[in-house]
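Data block below; observations after.
By convention in this document, chain letters (A, B, ...) are assigned in the order of the sequence lines, proteins followed by strands, and residues within each chain are numbered from 1.
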Protein chains: 2
Amino acid sequence: MDRPRWLNEEEKRAWNAFIAAHALLYQRLDQQLKRDVGLSHLQYMVLARLSGAPDRELRMAELADAVQNSKSGLTYQIGQLEQAGLVCRRNCQSDVRAVYARLTDEGMALLERAAPGHVAMVRELFIDALTPAQLQALADGLGEANRRMRECGGTATHEFERRK
Amino acid sequence: MDRPRWLNEEEKRAWNAFIAAHALLYQRLDQQLKRDVGLSHLQYMVLARLSGAPDRELRMAELADAVQNSKSGLTYQIGQLEQAGLVCRRNCQSDVRAVYARLTDEGMALLERAAPGHVAMVRELFIDALTPAQLQALADGLGEANRRMRECGGTATHEFERRK
DNA sequence: CGTCCGTTGTTCAAATTTGTACTCAAGTGT
DNA sequence: ACACTTGAGTACAAATTTGAACAACGGACG
């Protein structure tokens with residue numbers, strides 16, 4: 001029904017800024033974490049999530065969801081972290097299938113060593129570049145976008161291209 | 001000098017929203033592009049960039065920079081696109097080292113077929129979730145962040161963690 | 001109970017990304 | 001012309017991600 005409504009200049013500007021900002025930020029953060037403590041940003045997020053969880057442990061699936069990664073991807077990463085002694089697996093007795101990933105003391109220690117530098121960088125590159133008002137607008141707007149994406153698994157383009 | 005200044009709630013909210021939004025968006029967009037036209041989001045961006053360039057061609061390095069990818073990563077992707085007939089390479093006669101990637105007619109055709117659905121999705125998931133004011137704040141703020149990151153190759157954390 | 005359906009975490013191969021090393025030329029200064 | 005430094009694109013191996021296939025359960029229901 002609706003012929004393609006292209007983005008106008010303002011919309012394009014926002015979209016491009018968003019994409020570019022993420023790429024640039026990610027690159028810097030990842031690089032710094034690797035250099036300083038030998039963790040990828042993904043690994044850092046895993047540790048950070050665990051550190052905030054009760055008993056410092058989460059089930060694989062929850063964790064995967066929390067860091068927005070696939071199950072198999074998380075299996076791999078937890079494998080790496082486990083090998084590095086930063087995390088350990090624990091089986092649940094009430095549900096044989098369940099596996100908990102738990103942050104070890106070494107993991108916690110490393111996280112505490114990594115956090116200051118990481119946070120400083122986030123602040124420098126992201127937080128401090130935005131005014132408080134912009135920050136709030138961004139949090140509100142993207143928060144709403146996230147809400148929409150999370151709920152409806154796929155309103156989007158269900159039958160969008162059913163010609164070919 | 002400065003002891004770690006952690007993020008306050010508002011800052012955390014913004015940062016998390018930003019990270020989550022990108023992951024969510026990227027996943028959806030990538031999936032849709034693959035489903036509809038068999039392109040990854042990166043490949044789409046490559047084609048889109050080329051389509052907007054004079055003569056529909058760009059040098060490898062420029063293109064790599066434009067889509068924020070490493071040189072070797074771009075070599076790989078261009079290889080894929082070339083094999084699919086969507087792009088072709090052209091050598092420059094004035095500079096033997098230079099290689100141009102050019103969008104072929106098929107590439108252009110595919111891009112035109114892909115664009116409507118892609119744009120519709122960007123609009124639905126991103127643009128329409130934000131108010132015009134939020135959109136502008138986001139464009140301004142992130143634009144500023146990008147500017148900062150682009151100019152100084154690395155003000156950040158030069159000598160930040162030189163203890164360990 | 002036994003059956004069927006949806007979950008959970010893993011495995012495995014293929015696709016992609018990363019990072020480094022390399023090859024050739026341009027450009028510079030001598 | 002001759003080193004010398006840098007830049008462009010590629011090659012390649014190692015690391016990571018993806019996606020489908022699997023094995024093993026829980027849970028609901030007849």
**Fill in**
Taking for B:Lys34 and for A:Lys34 the nucleotide of DNA chain C with the nearest heavy atom, the one nearer the 5' end belongs to B:Lys34
**Prompt:** Which residues pass the salt bridge (Lys or Arg N to Asp or Glu O under 4.0 Å) test with A:Asp55, sequence neighbours left out?
**Reply:** none
**Message:** Taking ring-ring contact (aromatic ring centres under 6.0 Å, His included) as the definition, give me every residue that meets it alongside A:Tyr44, ordered by chain and number, with sequence neighbours left out.
**Reply:** A:His118
**Interface limits on DNA chain D, where chain A has a heavy atom under 4.0 Å of a nucleotide atom** = D:dA15 to D:dG26
**Closest-nucleotide ordering on DNA chain D, the 5'-leading residue of A:Ser40 and B:Tyr100** = B:Tyr100
**Request:** Output the distance between atom CZ (B:Arg5) and atom CG (A:Asp128), rounded to the nearest 0.5 Å.
**Result:** 6.5 Å
**Electrostatic pair A:Arg56:A:Asp105 at N-O distance under 4.0 angstrom** = yes
**Prompt:** So which of residues 65-81 of chain A are in contact with DNA chain C, with a heavy-atom cut-off of under 4.0 Å?
**Reply:** A:Lys71, A:Ser72, A:Thr75
**Euclidean distance, B:Leu25 CG relative to A:Trp15 CH2, rounded to 0.5 Å** = 5.0 Å
**Item:** Gap between atom CD1 of B:Ile19 and atom NE2 of A:His41 - 0.5 Å precision
**Value:** 5.0 Å
**Message:** A:Arg49: which residues meet the salt bridge (Lys or Arg N to Asp or Glu O under 4.0 Å) condition with it, sequence neighbours left out?
**Reply:** none
**Request:** Report the distance from atom CG of B:Asp65 to atom CZ of B:Arg59, rounding to the nearest 0.5 Å.
**Result:** 13.0 Å
**Request:** Just jot down the salt bridge (Lys or Arg N to Asp or Glu O under 4.0 Å) partners of A:Arg13, sequence neighbours excluded, or say none.
**Result:** A:Glu10, B:Asp140
**Trace of the side-chain contact (heavy atoms from CB on, under 4.5 Å) decision for A:Met60 with A:Lys71** = CA-CA 7 Å; A:Met60 296 296 281; A:Lys71 286 183 305 176; over 6 Å; no
**Message:** Can a donor-acceptor pair be found, under 3.5 Å and without considering hydrogens, that links the side chain of A:Arg90 to the backbone of A:Arg102?
**Reply:** no
**Request:** List in numerical order all residues of residues 84-97 of chain A for which some heavy atom is under 4.0 Å away from an atom belonging to DNA chain C.
**Result:** A:Arg89, A:Arg97
**Item:** Contacting residues from residues 47-57 of chain B, given that a heavy atom lies under 4.0 angstrom of DNA chain C
**Value:** none
**Item:** For A:Glu82, side chain to side chain donor-acceptor pair (under 3.5 Å) partners two or more places apart
**Value:** A:Arg89
**Fill in**
When the rotation axes relating C1' atoms of four end pairs to the next four are compared across the helix from C:dC1-D:dG30 to C:dT30-D:dA1, five pairs an end, they differ to 10° by 20°
**Asked** From B:Leu125 CG over to A:Asn146 CG, what is the distance, rounded to the nearest 0.5 angstrom?
**Response** 10.5 Å
**Prompt:** Of all residues at least two apart in sequence or in a different chain, which pass the salt bridge (Lys or Arg N to Asp or Glu O under 4.0 Å) check with A:Lys34?
**Reply:** A:Asp30
**Asked** Do the charged groups of B:Arg148 and A:Glu124 touch, with an N to O distance under 4.0 Å?
**Response** no
**Prompt:** Which residue, A:Asp30 or A:Glu62, contacts DNA chain C at a nucleotide closer to its 5' end, judged by nearest heavy atom?
**Reply:** A:Glu62
**Request:** Please round to the nearest 0.5 Å and tell me the distance separating atom CG of A:Leu39 and atom CE of A:Met45.
**Result:** 12.0 Å
**Message:** Within the 4.5 Å heavy-atom criterion, are A:Gln31 and A:Arg28 side-chain neighbours or not?
**Reply:** no
Sort me out a list of protein N/O and nucleotides 2-5 of chain C N/O pairs below 3.5 Å, or just none if empty.
none

**Asked** Hey, does B:Leu29 have a side-chain heavy atom less than 4.5 Å from the side chain of B:Phe126?
**Response** no
